Amino acid sequence: MPIHNHDIAAIFEQVADLLEIENANPFRVRAYRNAARTVDSLSQSLADLVARGEDLSELSGIGKDLACKIKEIVATGGLQLLAELEARTPPELAEMMKIAGLGAKRVHLLHEKLGIKTARDLQEAALTGKIKEIKGFGEKIEEQIKAGLGGITTEEKRFKLSTVEPVAQALLGYLKGAPGVKEAIVAGSYRRRKETVGDLDILVTCGHSQAVMEAFVNYEDVEKVLAQGDTKSAVVLRSGLQVDLRVVPEESYGAALHYFTGSKAHNIAIRHLGVKKGLKINEYGVFEGENRVAGKTEAEVFEMVDLPYIEPELRENRGEVEAAPKGRLPKLITLEAIKGDLHAHTKATDGHNTLEEMANAAEDRGYEYLAITNHSKRVSMAHGLNAADLAAEIAEIDRLNSKLKGLVVLKAIELDILADGALDLPDEILQDLDLTVCSVHYNLNLSRDQQTERIIRAMDNPHFNILAHPTGRLINKRDPYEVDLERLLAAAKERGCFMELDAQPDRLDLADIYCKLAKDMGVKISIDTDAHSIRDLAFMRYGIDQARRGWLEPGDVLNTRPLKELRKLLQRS
DNA sequence: GCCGTTTTCGGCCCGACTGTTTTCAGTCG
């Protein structure tokens, strides 16, 4: 079983939790949490890096000690330190920290004073009223614990960006209508356009904050008020989505927007630059001693630490803070740069619109081209096309193209990559196409090596152009299949193939960190909607969001090319 | 445990709200 970066990050998080409960040096705890974050957002596999003998202490937040620990985890699957911690401190205590109101200190006290080791112990203590008798605890905290115990096993709930968007926009509209509100904006991971959002952070400037806070907690969709103060309130909506509202003075708007947009790691890096220049940076501004020297706009904040403006999508502390002063920030792709969509279905298989309807909708979007990529025969569930069906579709597209003025429909197909790496239609028919997208739909459970080799074998076919939804993941539903993306990218580069960024909000596949890896390795990405209806063509903007998070510029993207140039790029060999 | 054009030792981002308190610790983001 290969060790994933995610597994290593989880072990470091667990170590951090247990150390914190043991009241260890808080900076040591932070070091483990920082390392977990670094490891989790790395696009290359640590197991591979270890195998290649690379120096892991080059990674930010990883020193000599943690580099050794990573090697230990890769070699043994576990960590001696964690085993020792778990022998001293019951691991279930770490789970308890997920209960609202319980942190490391209180969990430690529960263990020390009442001998609580498990969630069951905790429940019993809460029900028999023992908890409120501990000094520092009370009635309310005991109630919070009782209420929180039910949710202890559920995983951290994150909502898809596309799910949250209408909720956020409705609430934002409501708040903009509240008395005295001047500016209102959603910050946080929503503004960074992360594929999933844990909660909403809304920032408001206004005359009198109390009226806004009142309006906020009385919003019709609010189920529970978690906190209500003069400058900060928090609620849970009926959907379970938590929303935090912050009110700041106008002169602090930029600093607050920067602060609440995050990410946390980015903010820490920026503050670190501030500290070096003798500046204090917080949500109210940039301060030199007592004097506010900046804060009205975000650009001012960056300027104070000698940086150009950094786009929200880049603020993950994945190199943007280092790249910015060197003038090496990417000029991120925008929706307007897209000249066409290279993955779309029609009624001929599992789409909902006809060829002509799809073409007209694409033309309405101002596209130069649209590739029709219906499923091939192996995907029988979607009534995949056989060679004769495809021949008929090609003829139909030719007829349509002779009528169309502003748009060219490209003759294409979404081929299934069979378990042995063969493509599921004969080469004779494929040579009549403008391009192919190829994807894995079945046998998702192969080993990492087998899956990688299967796909590379498919790329060996000269008709293979674009690997569609390259990891097969469905956000919050299905993990990516095991595959060595770095090898796939190297193979694609060698053969003149491309990777898709599938813009379906359920997929967003490739993920941001792999888009950046592809860019770094010189493999172009095709941002496609995989549309099954004319409405789905609008998913392109989610793909753009993800591409921007992956540092992609127009030049890194295949379908920013005019048709003539696109055709040239699709010619292999 | 990490990190270094002030440092290889001594720093490490910062503020709001809540609950249990009589001035503050803990939690959270």
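Since the structure is predicted, the reported quantities are computational estimates derived from the model, not experimental observations. In the text below, chain A, chain B and the rest are named by the order of the sequence lines, each starting its count at 1.
Among A/Arg318, A/Arg192, A/Lys194, the one residue that satisfies the salt bridge (Lys or Arg N to Asp or Glu O under 4.0 Å) test with A/Asp512 is A/Arg318.
For A/Ile131 and B/dG19, the CD1 to P distance is 16 Å, given to the nearest whole Å. Taking atom CG of A/Leu59 as the reference point, atom P of B/dC2 lies 12 Å away to the nearest angstrom. Between the CG atom of A/Leu110 and the P atom of B/dG26 there is a distance of 13 Å, given to the nearest Å. Residue A/Asp201 contributes atom CG, which lies 15 Å from atom P of B/dC28 at whole-angstrom precision. Residue A/Arg37 contributes atom CZ, which lies 12 Å from atom C1' of B/dG29 at whole-angstrom precision. The interatomic distance linking A/Arg192 (CZ) with B/dG29 (P) rounds to 14 Å, in whole Å. For A/Asn34 and B/dG1, the CG to C1' distance is 10 Å, given to the nearest whole Å. If you take CG of A/Leu109 and P of B/dT27, they are 9 Å apart, rounded to a whole angstrom.
Residues satisfying the side chain to side chain contact (heavy atoms under 4.5 Å, CB included) criterion with A/Ser43, sequence neighbours excluded, are A/Ile513, A/Tyr514, A/Leu517. The ring-ring contact (aromatic ring centres under 6.0 Å, His included) test applied to A/Tyr219 returns A/Tyr174, not counting sequence neighbours. Every residue meeting the ring-ring contact (aromatic ring centres under 6.0 Å, His included) condition with A/Tyr32, not counting sequence neighbours, appears here in chain and number order: A/Phe12. By the side chain to side chain donor-acceptor pair (under 3.5 Å) test, A/Glu251 pairs with no residue at all, sequence neighbours left out.
Between the OG1 atom of A/Thr261 and the CD atom of A/Glu311 there is a distance of 11.5 Å, given to the nearest 0.5 Å. To the nearest 0.5 Å, atoms CG (A/Leu59) and CG (A/Leu66) are separated by 10.5 Å.
Contacts with DNA chain B (heavy atom under 4.0 Å) in residues 73-90 of chain A: none are found.
Within 6.0 Å of CZ on A/Arg238 lie more than 12 heavy atoms contributed by other residues, nucleotides or ligands. Heavy-atom neighbours of A/Glu84 CD from other residues, nucleotides or ligands within 6.0 Å: above the threshold of 12.
Among the heavy atoms of the strands lying under 4.0 Å from A/Ala104 are primed sugar atoms or P, OP1, OP2 only; no base atom is included. Counting non-hydrogen atoms under 4.0 angstrom, A/Ala35 reaches nothing in the nucleic acid.
Between A/Gly101 and A/Asp65, the one whose closest nucleotide on DNA chain B sits nearer the 5' end is A/Asp65. Comparing A/Ser57 and A/Gly136 by the nucleotide of DNA chain B that holds the closest heavy atom to each, the one mapping nearer the 5' end is A/Ser57.
Nucleotides B/dG11 and B/dT6 have their C1' atoms positioned 12 Å apart, rounded to a whole Å. Rounded to the nearest Å, the gap between the C1' atom of B/dT8 and that of B/dG1 is 14 Å. Rounded to the nearest Å, the gap between the C1' atom of B/dT27 and that of B/dT21 is 16 Å. Nucleotides B/dC13 and B/dG4, compared at atom P, are 14 Å apart to the nearest Å. The same atom, C1', is picked in B/dT18 and in B/dT23; the two are 15 Å apart, to the nearest Å. The P atoms of B/dA16 and B/dT20 are separated by 22 Å, rounded to the nearest whole Å. Comparing the C1' positions of B/dC14 and B/dC9 gives a spacing of 24 Å, expressed to the nearest Å.
In this structure, A/Lys132 is not positioned above the aromatic face of A/Phe137 in the sense of NZ or CZ being under 6.0 Å from the six-membered ring centre and within 45° of the axis. Within the cation-pi definition used here (under 6.0 Å to the ring centroid, within 45° of the axis), A/Lys519 does not qualify as a partner of A/Trp551.
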* For nucleotides 10-18 of chain B, just jot down a letter per nucleotide in 5' to 3' order: B, S or -, based on protein non-hydrogen atoms under 4.0 Å. => --BBBSSSS
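Nucleotide B/dG10 forms a Watson-Crick or G-U wobble pair with B/dC3, both donor-acceptor distances falling under 3.5 Å.
At least one side-chain nitrogen or oxygen of A/Lys69 sits closer than 4.0 Å to the OP1 or OP2 atom of B/dG1.
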